[in-house]
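Naming convention: chains lettered A, B, ... in sequence-line order (proteins, then strands); numbering from 1 in each chain. What you are looking at is a predicted structure, and each value in this text was computed from that prediction instead of being measured. Heavy atoms only: backbone and side chains are in, while hydrogens, waters and symmetry mates are out.
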Protein chains: 2
Amino acid sequence: MATSKSSVDCLHCPLRRKKAFRELNDGELQFVSKFKIGELDVDAQSSVLMEKQATPNVYTVLEGVLYRHRTLQDGSRQILNFSMPGDIVGLQLAMMGEIHHSVTALTPAKLCVFERNKFYSLFSGHPELAHSVTWIAATQETLLDNTIVSLGQRNAYQRIAHFFAQVYSRAESTGVASDGLLNIPIRNHHISEALGITPVHVSRTLNKLKRESVVERSNGYFSFPDLEKLAEVAAFDDHMPPTRPLL
Amino acid sequence: MATSKSSVDCLHCPLRRKKAFRELNDGELQFVSKFKIGELDVDAQSSVLMEKQATPNVYTVLEGVLYRHRTLQDGSRQILNFSMPGDIVGLQLAMMGEIHHSVTALTPAKLCVFERNKFYSLFSGHPELAHSVTWIAATQETLLDNTIVSLGQRNAYQRIAHFFAQVYSRAESTGVASDGLLNIPIRNHHISEALGITPVHVSRTLNKLKRESVVERSNGYFSFPDLEKLAEVAAFDDHMPPTRPLL
DNA sequence: CGCCAAGTTGAACGTGCTCAAGGGCTGTGG
DNA sequence: CCACAGCCCTTGAGCACGTTCAACTTGGCG
């Protein structure tokens, strides 16, 4: 894990070239360039934010995948969602100065670092960017809504299928998946902790999905030979807009 | 249901007098006054927003309680959360122009009406207010996080207890509850749809909570004779900041 | 080779679901 | 004033999805 001064310049941010992201104008770009105070590289498994610990920084994901999670008194853990390129990490920290979840890297990841104290200057100086922040927050809300619907109404089989459909869709649009291959090292216990299903039952249910050729796994990576079939058994219809703003 | 021109003036908004809400300065107040284009009064049970129907308006709750919900293909329904005074109704509509849930009044309610097309002017003209919007969105996220944790990790008993603790806490701080009495006509099927538990099992579990004197019900209204006991069996620790911004 | 983490599989159990019947309350109409 | 409908809640009994406990397999890595 290391922090370095902007090795990736915002002016040439590789994310902007991806189809999913909207362009910024020159003024915005220059502001973001100055707003970004550095970069954080983390290894897989390392924590970026910890529950109840207020850090001075807020991040956006430049590369890699992380997950937000919370641990209860009894030690059980709930994964809230996955953070992919373009996502904001620690928005609650920036807004309320408190955070009630941890954020851990699932893959090696690269994050852009911002000072949360200066976050307000983004609102006062660049309404377009402030609007983007809120856009991203509202989009997150939609994702959390989806998760609540899954946990509340679907059984293990549908839940896992829907989980994959959702994750794949987001991963594909942020360059972390393509051609049916999900380039994220998801283990059964992640699915277990994300969906509130025991690892044992995750295993059984996954095997059923494998037998039905909805899901495949090799070297620890999942793939989906027939994405339409996946969407169908998952009853998944994608709610996400095709393009999105970026800080 | 009727729309009338601002019978409640923002300058004398009754919500601001409540302890939970922050003050606005004169410039902000004047802007909000102009930004608000009217008021919407709805009866209990009537819908304010419908899934997939883009309306031109966005709202804030002035009085009463509503709930956001989504209906699946098979007809099952999930309540996502409850909207109480000060909450924004239809933020996703304002940001993305799409909405994937319905909003229905639980009690008779009064809403402030805003044009979603003009929402951007709030960002460009009043960064402090824009910041408030994002603050509210981030707070919502925390609430949804809590719900996900409940649905994923807790059994029916803990879920219901936590649900009440959470709802009461929010209701209390927005003036919809006091002295242990929750002034919202919640039926068993609401709990069922919010927590993914069948009405039958909700009934059984509620009776257990009643027997233990954690919960009481009279005339269809819940009350909690011992809020500390409730928080304890719910393993609830309140994540909400004591004061909050308001549009 | 041996270790450890992750996944698999079996068997028994339990929380919560389903189906079904009955009771209480409220509003409406005879 | 009673009859009846409709909604909500309650209670019982059987069932099933998912859990728990435990043993075994597999694969990566020292």
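DNA chain C lies under 4.0 Å from no heavy atom of any residue of residues 74-82 of chain B. Remark: B:Asn155, B:Ala156 in residues 155-162 of chain B come within less than 4.0 Å of DNA chain C through at least one heavy atom.
Partners of A:Arg77 by salt bridge (Lys or Arg N to Asp or Glu O under 4.0 Å), not counting sequence neighbours, listed by chain and number: A:Glu193. Annotation: salt bridge (Lys or Arg N to Asp or Glu O under 4.0 Å) contacts of A:Asp237 (sequence neighbours excluded): B:Lys52. Residues passing the side chain to side chain contact (heavy atoms under 4.5 Å, CB included) test with A:Pro241 are A:Trp135, B:Met96, sequence neighbours excluded. Remark: A:Phe164 engages A:Phe222, A:Phe224 in a ring pair (Phe, Tyr, Trp, His ring centres under 6.0 Å) (not counting sequence neighbours).
In this entry the distance linking CZ of A:Arg187 with C1' of C:dT8 reads 14 Å, nearest Å. Following rounding to the nearest Å, B:Asn188 (CG) and C:dC17 (P) show an atom-to-atom distance of 13 Å. Rounded to whole angstrom, the span from the CZ atom of A:Arg211 across to the C1' atom of C:dT9 amounts to 12 Å.
With B:Gln78 contributing its side chain and B:Ala194 its backbone, the two residues share a donor-acceptor pair below 3.5 Å. A donor-acceptor pair under 3.5 Å links the side-chain atoms of A:Asn155 to the main chain of A:Tyr157, judged by distance alone.
Going from atom CZ of B:Arg70 over to atom OG of B:Ser76 covers 11.0 Å, rounded to the nearest 0.5 Å. A:His239 NE2 to B:Glu98 CD: the interatomic distance, rounded to the nearest 0.5 Å, is 8.5 Å.
Taking only side-chain nitrogens and oxygens, A:Ser203 comes nearer than 4.0 Å to OP1 or OP2 of C:dT8. In this model, the phosphate group of C:dT9 is approached by a side-chain N or O of A:Asn207 to a distance below 4.0 Å at OP1 or OP2.
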Could you go through nucleotides 18-23 of chain C and list every protein N or O atom that sits under 3.5 Å from one of its N or O atoms, giving the distance for each pair?
| residue | atom | partner | partner atom | Å |
| --- | --- | --- | --- | --- |
| C:dT18 | O4 | B:Arg204 | NH2 | 3.3 |

Can you give me the N/O atom pairs linking the protein to nucleotides 25-30 of chain D at distances under 3.5 Å, or say none if there are none?
none

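Listed by first and then second residue, the side chain to side chain donor-acceptor pair (under 3.5 Å) pairs involving residues 101-114 of chain B are B:Asp41-B:Lys110, B:Arg68-B:His101, B:His69-B:Thr104 (not counting sequence neighbours). For residues 165-177 of chain A, the pairs satisfying side chain to side chain donor-acceptor pair (under 3.5 Å) are A:Asp87-A:Arg170, A:Ser169-A:Asp238, with sequence neighbours left out. Among residue pairs with one or both ends in residues 199-212 of chain B, none qualify as salt bridge (charged side-chain N to carboxylate O under 4.0 Å, His left out); sequence neighbours excluded. Listed by first then second residue, pairs satisfying ring-ring contact (aromatic ring centres under 6.0 Å, His included) with a partner in residues 180-201 of chain A read A:Tyr67-A:His190, not counting sequence neighbours.
Among the atoms of the strands shown, only primed sugar atoms or phosphate atoms (P, OP1, OP2) are found under 4.0 Å from some heavy atom of A:Ile197. Among the heavy atoms of the strands lying under 4.0 Å from A:Lys210 are primed sugar atoms or P, OP1, OP2 only; no base atom is included.
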Going through the checks in order, is the side chain to side chain donor-acceptor pair (under 3.5 Å) test met by B:Thr55 and B:Asn57?
-> CA-CA 5 Å; B:Thr55 67; B:Asn57 296 329; 6.0 Å; no

